[in-house]
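Heads up: the structure comes next, in structure tokens.
Just so it is clear, the model here is predicted, and its values are computed rather than measured.
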Amino acid sequence: MTDTHSAMNAPQWCRAPSHMEVDLYARHECLCCGDPEALAGASAARKWVRSMSLPSIPRSKKVPVLRCDFSDDTRWKETWKLIVAATEDGFQKSVTKIEDRDFTGLDTSAFLELVRQLPKSFPHPLVFFADATTMSDPEHTLFVAWAWKDEYEGQFMRCLPSDVLAIENNVIDNMPWEEFHDAVGDDGVSRTD
């Protein structure tokens with residue numbers, strides 16, 4: 001390592017990045033020292049920061065079901081078919097599928113951050129996510145998060161695709177969110193049966 005990288009004279013952002021320093025790396029090119037290791041660290045940090053920028057949930061007339069896993073089109077079609085089949089039980093098809101590859105690979109912490117970033121004016125109380133678990137789980141369970149800024153903010157659960165419309169159609173007028181949320185079993189899934 002060059003003398004310019006000694007602990008005494010190197011700026012903080014010219015060391016290996018910690019979580020707190022990573023955005024300093026992203027903004028600083030380490031031109032003060034030109035050390036190849038530091039430059040490589042800065043480049044890696046910039047890629048990490050870019051990867052942390054999340055897409056926005058688009059506004060829609062109906063409650064969004066975001067597809068976040070594109071590994072299996074057949075499983076996705078099966079999941080969507082199970083969701084809309086509930087119309088046969090008298091539920092309104094009040095959801096819309098959003099298939100945008102910008103959401104690919106997001107995990108539950110990213111889902112919660114997406115929901116947290118929604119404006120107070122977001123018209124729907126729920127957002128559903130079809131993720132890797134949806135595609136691998138024999139029951140095709142979806143992640144669902146409460147979207148409004150009220151006492152339920154930050155709450156989430158998984159649900160069966162056949163329950164999506166039952167939850168969405170009832171959550172405002174007939175059953176409060178907490179009844180669905182309290183029905184979550186040991187497996188983390190809420191079932192309306």
Practice problem: Work out which heavy atom in Ile83 is nearest to a heavy atom in Leu165; give both atom names and the distance. | Solution: O-CD1, 3.4 Å
Quiz item: From Trp146 CH2 over to Glu153 CD, what is the distance, rounded to the nearest 0.5 angstrom?
Solution: 11.5 Å
Quiz prompt | Exam field: side chain Lys97 to backbone Arg67, donor-acceptor pair closer than 3.5 Å | solution = no
Quiz item: Out of curiosity, does Phe180 fall in the hydrophobic cluster containing Val95 (side-chain heavy atoms, cut-off under 4.5 Å, transitive links)?
Solution: yes
Hey, can you pull the donor-acceptor pairs under 3.5 Å for the side chains in residues 102-119, sequence neighbours left out?
from   : atom 1 : to     : atom 2 : distance (Å)
Thr104 : OG1    : Arg101 : O      : 2.7
Asp107 : OD1    : Ser109 : N      : 3.3
Asp107 : OD1    : Ser109 : OG     : 2.8
Asp107 : OD1    : Ala110 : N      : 3.0
Glu113 : OE1    : Arg116 : NE     : 2.9
Glu113 : OE2    : Arg116 : NE     : 3.4
Glu113 : OE2    : Arg116 : NH2    : 2.6
Glu113 : OE2    : Gln117 : NE2    : 2.8

Quiz item: Counting N and O atoms only, with roles assigned by atom type, does the side chain of Thr79 sit under 3.5 Å from a partner on the main chain of His140, one being a donor and the other an acceptor?
Solution: no
Quiz item: Tell me, do Leu66 and Asp100 make a side-chain contact under 4.5 Å, heavy atoms counted?
Solution: no
Quiz item: At what distance, to the nearest 0.5 angstrom, does CG of Leu82 lie from CG of Asp163?
Solution: 10.5 Å
Exercise. Dump the intermediate steps for side-chain hydrogen bond (donor to acceptor under 3.5 Å, both in side chains) on Asp69 and Thr134, then the final yes or no.
Key: CA-CA 8 Å; Asp69 184 293; Thr134 307; over 6 Å; no
Quiz prompt | ILVMFWY network linking Val184 to Leu126, side-chain heavy atoms under 4.5 angstrom | solution = yes
Quiz prompt | Closest non-hydrogen atom pair between Asp73 and Phe70, with its separation | solution = OD1-O, 4.5 Å
Quiz prompt | Side-chain touch Tyr152/His181, heavy atoms, less than 4.5 angstrom | solution = no
Quiz item: Are Met175 and Trp177 in one and the same hydrophobic cluster, where Ile, Leu, Val, Met, Phe, Trp and Tyr link if side-chain heavy atoms are under 4.5 Å apart?
Solution: yes
Quiz item: Who are the side-chain hydrogen bond (donor to acceptor under 3.5 Å, both in side chains) partners of Asn170, not counting sequence neighbours?
Solution: Asn174
Quiz prompt | Set of salt bridge (charged side-chain N to carboxylate O under 4.0 Å, His left out) partners for Arg191, sequence neighbours left out | solution = Glu139, Asp187
Quiz item: Is the number of heavy atoms from other residues, nucleotides or ligands within 6.0 Å of NZ (Lys81) greater than 12?
Solution: no
Self-check item: In one Ile/Leu/Val/Met/Phe/Trp/Tyr side-chain cluster, 4.5 Å: Val144, Phe156
Solution: no
Self-check item: Nearest atoms (heavy-atom pairs only) where Ser162 meets Ala86
Solution: O-CB, 3.9 Å
Quiz item: If you take all heavy atoms of Arg59 and Pro123, which pair is closest and at what distance?
Solution: NH1-CD, 2.8 Å
Self-check item: With Asp89 via salt bridge (charged side-chain N to carboxylate O under 4.0 Å, His left out) - residues at least two apart
Solution: none
Quiz item: Of all residues at least two apart in sequence or in a different chain, which pass the salt bridge (charged side-chain N to carboxylate O under 4.0 Å, His left out) check with Arg158?
Solution: Asp131
Quiz item: Is there side-chain contact between His124 and Ile57, with at least one heavy-atom pair below 4.5 Å?
Solution: no
Quiz item: With a 4.5 Å heavy-atom cut-off, do Val63 and Ser94 have their side chains touching?
Solution: no
Quiz item: Partners of Glu78 by salt bridge (charged side-chain N to carboxylate O under 4.0 Å, His left out), sequence neighbours excluded?
Solution: Arg75
Exercise. May I ask you to decide if Phe122's main-chain N or O and Trp148's side chain share a donor-acceptor pair within less than 3.5 Å?
Key: yes
Self-check item: Contact check, side chains of Pro58 and Ile98, non-hydrogen atoms, under 4.5 Å
Solution: yes
Quiz item: Would you say Val65 and Val171 are hydrophobically clustered, going by side-chain heavy atoms of ILVMFWY under 4.5 Å?
Solution: yes
Exercise. Answer yes or no: are there more than 12 heavy-atom neighbours, outside Gln92 itself, under 6.0 Å from its atom CD?
Key: no
